[in-house]
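Reading through the structure tokens given below for one structure.
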Amino acid sequence: MEQFGEFTENIDHLESSLSAVKSVWVDQTAMTFDEINENMKVFVSQITAYKENTIAGYNAVKANYNETEFENELNRLGTRVAAV
């Protein structure tokens with residue numbers, strides 16, 4: 001199932017509106033709304049995936065990054081470079 005995150009309500013509204021349009025209009029213009037809605041779903045799914053991946057990456061760094069350890073390693077490497 002596609003994930004729309006914060007946009008789920010908007011996508012549901014698009015689907016509902018499309019049903020309403022189709023009940024009134026049956027012309028070529030109304031038929032293009034299917035493609036527009038499908039494109040919106042693709043974009044929203046991608047935006048949601050990027051956001052979730054960004055949050056997951058941030059949480060991974062936060063959980064695994066030890067600032068003191070990192071600084072100590074940089075200092076150690078700096079000392080070795082200076083000794084050369």
Side-chain angles (χ1 to χ4, degrees):
M1 181 171 178
E2 292 172 302
Q3 297 296 316
F4 303 118
E6 296 174 21
F7 300 102
T8 300
E9 187 177 320
N10 301 92
I11 293 297
D12 289 344
H13 185 67
L14 276 178
E15 290 298 308
S16 172
S17 296
L18 179 59
S19 296
V21 165
K22 285 182 173 182
S23 71
V24 178
W25 291 345
V26 210
D27 63 0
Q28 192 64 35
T29 302
M31 290 181 186
T32 63
F33 290 174
D34 282 317
E35 287 77 19
I36 293 170
N37 280 14
E38 288 307 311
N39 286 339
M40 290 301 294
K41 287 180 184 177
V42 169
F43 295 142
V44 167
S45 293
Q46 290 174 346
I47 290 167
T48 300
Y50 292 143
K51 179 183 178 190
E52 288 174 359
N53 288 340
T54 300
I55 291 170
Y58 171 80
N59 288 336
V61 169
K62 188 175 176 183
N64 297 298
Y65 172 74
N66 182 321
E67 184 176 358
T68 304
E69 195 176 304
F70 186 75
E71 289 295 325
N72 289 341
E73 182 64 14
L74 282 179
N75 290 334
R76 186 185 71 76
L77 290 172
T79 302
R80 288 181 68 187
V81 168
V84 173

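One-based numbering along the sequence shown.
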For residues 10-18, tabulate all N or O donor-acceptor pairs below 3.5 Å that involve a side-chain atom, not counting sequence neighbours.
from: E15; atom 1: OE2; to: K41; atom 2: NZ; distance (Å): 3.1
from: S17; atom 1: OG; to: H13; atom 2: O; distance (Å): 2.9

Smallest separation among heavy atoms of V44 and F7, with atom names: CG1-CB, 3.3 Å
Please name all residues satisfying side-chain hydrogen bond (donor to acceptor under 3.5 Å, both in side chains) with E6, sequence neighbours left out, ordered by chain then number. K51
Hydrophobic cluster partners of Y50 (side-chain heavy atoms under 4.5 Å): none
Got a list of side-chain donor-acceptor pairs under 3.5 Å for residues 21-34, not counting sequence neighbours?
from: K22; atom 1: NZ; to: D34; atom 2: OD1; distance (Å): 2.9
from: K22; atom 1: NZ; to: D34; atom 2: OD2; distance (Å): 3.2
from: S23; atom 1: OG; to: A20; atom 2: O; distance (Å): 2.6
from: D27; atom 1: OD1; to: T29; atom 2: N; distance (Å): 3.4
from: D27; atom 1: OD1; to: A30; atom 2: N; distance (Å): 2.9
from: T32; atom 1: OG1; to: T29; atom 2: O; distance (Å): 2.5

For the CD atom on E35, are there more than 12 heavy atoms of other groups (residues, nucleotides or ligands in this structure) within a distance under 6.0 Å? yes
N/O donor-acceptor pairs under 3.5 Å from side chains in residues 61-70, not counting sequence neighbours:
from: N64; atom 1: ND2; to: A60; atom 2: O; distance (Å): 2.8
from: N66; atom 1: OD1; to: T68; atom 2: N; distance (Å): 3.1
from: N66; atom 1: OD1; to: E69; atom 2: N; distance (Å): 3.0

Table please: side-chain donor-acceptor pairs of residues 74-84 below 3.5 Å, with sequence neighbours left out.
from: N75; atom 1: ND2; to: E71; atom 2: O; distance (Å): 3.2
from: R76; atom 1: NE; to: E73; atom 2: OE1; distance (Å): 3.1
from: R76; atom 1: NH2; to: E73; atom 2: OE2; distance (Å): 2.6
from: T79; atom 1: OG1; to: N75; atom 2: O; distance (Å): 2.8

